[in-house]
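By convention here, the first residue in the shown sequence is residue 1. Counting starts at 1 for both ligands and their atoms, following the listed order.
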Amino acid sequence: MLNSWTLLISNLKNTKVFNQIRCASQVLPQLSSEKYNVRRKQFGNIQASDVDYFKTILSEDRVLTDENDILPFNIDWIKNCRGQSKLVLKPKSTEEVSHILRYCNEKRLAVCPQGGNTGLVGGSVPVFDEIVLSFMLMNKIISLDELSGALVCESGCVLENLDNYVRKRNLIMPLDLGAKGSCHIGGNVSTNAGGLRLLRYGNLHGSVLGVEAVKADGTVIDCLKTLKKDNTGYHLKHLFIGSEGTLGVVTKVAIHCPAMPKAVSLGFFGVKNFENVLRLYASAKSSLGEILSAFEMADNDSISSTVENLKLPNPISDYPFYVLVETSGSDETHDAEKLSRFLDKEMESGLIVDGTVTSEPGKMQTIWNLRESIAGAGLIDGYVFKYDVSVPLANYYSLVPLLRQKLGSKAVRVYGYGHVGDGNIHINVTVPKYDQEVCSMLEPYIFEEVAKLNGSISAEHGVGFRKPHYIHYSKDVTAIHLMKQLKQLMDPNGILNPYKVVPEV
Ligand code: FAD
Ligand code: 2HG
Ligand code: ZN
């Protein structure tokens, strides 16, 4: 049964589609401060003397003040948020970052740390005139212990470059996401990014061995250990993992890279209803066991958005749901037998109605590309409201039909897809252009529904600029209070990524 279906789809490179989406709209988004009615906090205003000072720390070409050069740093990937920064700084070392932050802290100048700017909650771009601190030039690999798998690198390394580097040494990065060609490891750590391999390798609180970070006052915190076990006091690295640049900036990362699997296969299946998606997941877990490395699903509208908007071919016919199952193991024959038994069983049972399975790298890439492109395909419809939630699996898909019914013809498409294995669904609602009325129909309604299901209003993308005022739907008031105390302790002047993560009221 294995490899018996032919893939008729071309091997489109992921980055090509990614750039196609990035250039989808030339229209400037409205300023975030106006769109979301935000008042500027009492920070200092940047003076010519400040710019001159930064030019003494960095070379002149790493201090951007030209409006056109700065524009891309002010706009987020989904073109929802637009800041008004007048200054971008591109440090090349931790020492430079430390000098910059010490100065900013003294002058009360607000700072927005930025990695690859692929974040989906508006955390990576300024709201007003925060100085953008870009890590794009801090991209050196420092060391790799091939035996333990400990990789140490600067925070501006692009995830895909790291993966290519370690793969040459028979290792892989423990995370993978559609934005890999642009996102930085520092951005991944700062958002505690999940992605497509979390089911197998866990989240970054487990894989990150250590970090070097700089506090708002310029103090360098060295927690850059490469040890697997280190219970010496508080586990401070965790403060920087997932805090989205509000408690400190990450300058170096030590991360554990697992062994590169010797045998990888990927299946793409048509499934007739959501109940069967869950039954297939249960079966995949028990039949495939330790070789199951991804279990993703996409509903029909998710796939049709990529087919219609990005002209990506669907390798199988039209089905209500699609499931993507990846296996990664160390023994080709053993893994193939397991997968084959699983396929025979579930085709026989009818859980899999149709599908394609491949172990050829180019074809696997093509299938992954179809899945990874869903995130951007909706942008072609005009504007996308994105909700990244986790809910108990029994209710995983329940919000999608609810929203479809609520919005009716106001939406172009409402679709759900995501990481079933992690209980994390991405609900995308597309409209021809940003519409406040639709926004009010969606928010806080969707967060209320998630709270009723005991879910999380942000499963993997973070809180950023878009969700601080909704955080109480998922976090207890005592926990929010502790967050505020930590923020006060680490960044008393509030210069690091203001208007993000920590709610005001
Ligand atoms: P940015 O977008 O630049 O920044 C994100 C946040 O981190 C901001 O708050 C920023 O201030 C902060 N930050 C960045 N660098 C640093 C630093 N060095 N120190 C301190 N703070 C910093 N996310 C997932 O979790 N799973 C997915 O599967 C996934 N798929 C995606 C697919 C696509 C096509 C796109 C566009 C995005 C996807 N994302 C996903 C969201 C995004 O890619 C991740 O959040 C990613 O980790 C962000 O990395 P970045 O370098 O682009 O960070
Ligand atoms: C994915 O899993 C990403 O593709 C993006 O997390 C989700 O854009 C989204 O809604
Ligand atoms: Zn995701």
**Q** Which of the listed options, T191, I374, V249, T246, holds the heavy atom that is closest to atom 45 (O) of ligand 1?
**A**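 Result: the heavy atom closest to atom 45 (O) of ligand 1 is in T191.
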**Q** Look at atom 38 (C) of ligand 1 and find which of V111, L120, I185, N203 reaches it with the closest heavy atom.
**A** L120
**Q** I'd like to know if S373 contacts ligand 1, where contact means a heavy-atom distance under 4.0 Å to any ligand atom.
**A**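 Under 4.0 Å: no for S373.
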**Q** Which heavy atom of I172 sits nearest to which heavy atom of P261, and what is that distance?
**A** CD1-CD, 4.1 Å
**Q** At what distance, to the nearest 0.5 angstrom, does CG of D222 lie from NZ of K237?
**A**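 One gets 13.0 Å once the value is rounded to the nearest 0.5 Å.
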**Q** Between F385 and D435, which heavy-atom pair has the shortest distance, and what is it?
**A** CZ-O, 3.7 Å
**Q** Heavy-atom contacts with N188 under 4.0 Å: which atoms of ligand 1 show up? List them by number with element.
**A**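 The list of qualifying atoms is 46 (C), 47 (O), 49 (O).
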**Q** Polar-atom distance check: P113 versus ligand 1, any N or O pair below 3.5 Å?
**A**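 Yes; at least one N/O pair falls below 3.5 Å.
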**Q** For atom 6 (O) of ligand 2, what is the nearest protein heavy atom, given as residue, atom name and distance?
**A** H461 NE2, 2.7 Å
**Q** Output yes when the distance from some N or O of ligand 1 to some N or O of A179 is under 3.5 Å, and no in every other case.
**A** no
**Q** Are any of the N/O atoms in S190 less than 3.5 Å from those in ligand 1?
**A**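 Looking only at distances, the answer is yes, because the N/O contact criterion of under 3.5 Å is met.
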**Q** Please determine if E372 has a nitrogen or oxygen closer than 3.5 Å to a nitrogen or oxygen of ligand 2.
**A**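 By distance alone, the answer is no.
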**Q** For ligand 2, note which part of Y387 has a heavy atom under 4.0 Å away: side chain, backbone, both or neither.
**A** neither
**Q** Hydrogens and angles aside, do Y322 and E296 bring a side-chain donor and acceptor to less than 3.5 Å of each other?
**A**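 Per modelled atom types, Y322 and E296 side chains form no pair under 3.5 Å.
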**Q** Check ligand 1 against G245 and write out every atom of the ligand that is under 4.0 Å from a heavy-atom position of the residue.
**A** 20 (C), 21 (N)
**Q** Suppose we measure from atom 4 (O) of ligand 2 to each protein heavy atom; which comes out shortest, and what is that distance?
**A**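 Checked against all protein heavy atoms, atom 4 (O) of ligand 2 sits closest to R371 NH1, 3.0 Å.
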**Q** Strictly below 4.0 Å, N to O, side chains only: are K252 and E154 in salt-bridge contact?
**A**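 Salt bridge: no.
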**Q** May I ask you to identify the nearest protein heavy atom to atom 9 (C) of ligand 2, giving residue, atom name and distance to one decimal place in Å?
**A** Y417 OH, 2.9 Å
**Q** L196 versus ligand 1: do any nitrogen or oxygen atoms come within less than 3.5 Å of each other?
**A**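 Looking only at distances, the answer is no, because the N/O contact criterion of under 3.5 Å is not met.
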**Q** May I ask you to check if ligand 1 and G116 share an N or O to N or O distance below 3.5 Å?
**A**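 So ligand 1 has an N or O lying under 3.5 Å from an N or O of G116.
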**Q** Does atom CE of M260 have more than 12 heavy-atom neighbours, drawn from other residues, nucleotides or ligands, at distances under 6.0 Å?
**A**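 Atom CE in M260 is packed in, count exceeds 12.
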**Q** Kindly give the atom name of the N, O or S atom of H419 closest to the Zn ion (ligand 3).
**A** NE2
**Q** Work out which heavy atom in N497 is nearest to a heavy atom in K500; give both atom names and the distance.
**A**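 Scanning both residues completely, I find the closest heavy atoms to be OD1-NZ, 2.8 Å.
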**Q** Does S182 reach ligand 1 with a nitrogen or oxygen that is under 3.5 Å from one of the ligand's nitrogen or oxygen atoms?
**A** no
**Q** Report the residue from Y396, Y415, Y417, Y387 that forms a ring pair (Phe, Tyr, Trp, His ring centres under 6.0 Å) with H426.
**A**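 Testing H426 for a ring pair (Phe, Tyr, Trp, His ring centres under 6.0 Å) against Y396, Y415, Y417, Y387 leaves exactly one candidate, Y417.
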**Q** Between ligand 1 and H461, can you find any atom pair, the residue atom being a heavy atom, that is separated by under 4.0 Å?
**A** yes
**Q** Looking only at heavy atoms, which two atoms of F240 and L247 are closest? And how far apart?
**A** CE2-O, 4.0 Å
**Q** Can you sort out which atoms of ligand 1 are near N497, meaning under 4.0 Å from one of its heavy atoms?
**A** 9 (O), 11 (O)
**Q** Identify the two heavy atoms, one from S98 and one from G218, that lie closest to each other, and give their separation to 0.1 Å.
**A**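 For S98 and G218, the tightest heavy-atom pair comes out as OG-O, 2.6 Å.
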**Q** Report yes or no: is the cationic atom of K35 (NZ for Lys, CZ for Arg) under 6.0 Å from the centre of the six-membered ring of Y434, at an angle within 45° of the ring normal?
**A**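 Yes, K35 and Y434 form such a contact.
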**Q** From the options Y499, F43, Y36, select the one residue that forms a ring pair (Phe, Tyr, Trp, His ring centres under 6.0 Å) with F128.
**A**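 Among Y499, F43, Y36, the one meeting ring pair (Phe, Tyr, Trp, His ring centres under 6.0 Å) with F128 is Y499.
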**Q** Heavy-atom count check: over 12 atoms from other residues, nucleotides or ligands less than 6.0 Å from K41 NZ?
**A** yes
**Q** I'd like to know if the side chain of T366 pairs up with that of N369 as donor and acceptor (distance under 3.5 Å, no hydrogens or angles considered).
**A** no
**Q** Restricting to pairs with a member in residues 188-200, which pass side chain to side chain donor-acceptor pair (under 3.5 Å), not counting sequence neighbours?
**A**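 Output for this query is empty, none listed.
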**Q** How about K475: does its NZ atom have over 12 heavy atoms from other parts shown lying under 6.0 Å from it?
**A**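 Atom NZ in K475 is not crowded, with 12 or fewer foreign heavy atoms closer than 6.0 Å.
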**Q** Going by distance only, is there an N or O of T118 that falls short of 3.5 Å from an N or O of ligand 1?
**A**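 In this structure, T118 places an N or O atom under 3.5 Å from an N or O of ligand 1.
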**Q** Which is it for N428 and ligand 2 at heavy atoms under 4.0 Å: side chain, backbone, both or neither?
**A**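 Near ligand 2, N428 shows its side chain, while the N, CA, C and O stay back.
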**Q** Report the part of L120 (side chain from C-beta onward, or backbone N, CA, C, O) that has a heavy atom under 4.0 Å from ligand 2; answer both or neither where that applies.
**A** side chain
**Q** In E460, what N, O or S atom is nearest to the Zn ion (ligand 3), if we give its atom name?
**A** OE2
**Q** Hey, do the aromatic rings of F447 and Y445 have their centres closer than 6.0 Å?
**A**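 No - the distance between ring centres of F447 and Y445 does not fall below the 6.0 Å cut-off.
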**Q** Provide the number and element of each atom of ligand 2 under 4.0 Å from a heavy atom of H419.
**A** 2 (O)
**Q** Looking at ligand 1, does any of its N/O atoms fall within less than 3.5 Å of an N/O of C112?
**A** no
**Q** Return the closest protein heavy atom for atom 8 (O) of ligand 2 as residue, atom name and distance.
**A**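 Residue, atom and distance for the closest contact: K386 NZ, 2.6 Å.
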**Q** Does ligand 1 have any atom that is closer than 4.0 Å to a heavy atom of G464?
**A** no
**Q** Based purely on interatomic distance, does A193 place a nitrogen or oxygen under 3.5 Å from a nitrogen or oxygen of ligand 1?
**A**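 Not met; the criterion fails.
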**Q** What atoms of ligand 1 come within less than 4.0 Å of a heavy atom belonging to G248?
**A**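 In order of number, 20 (C).
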**Q** Could you tell me whether G119 and ligand 1 have an N or O pair separated by under 3.5 Å?
**A**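 Between G119 and ligand 1 (N or O atoms, distance only) the closest approach is under 3.5 Å.
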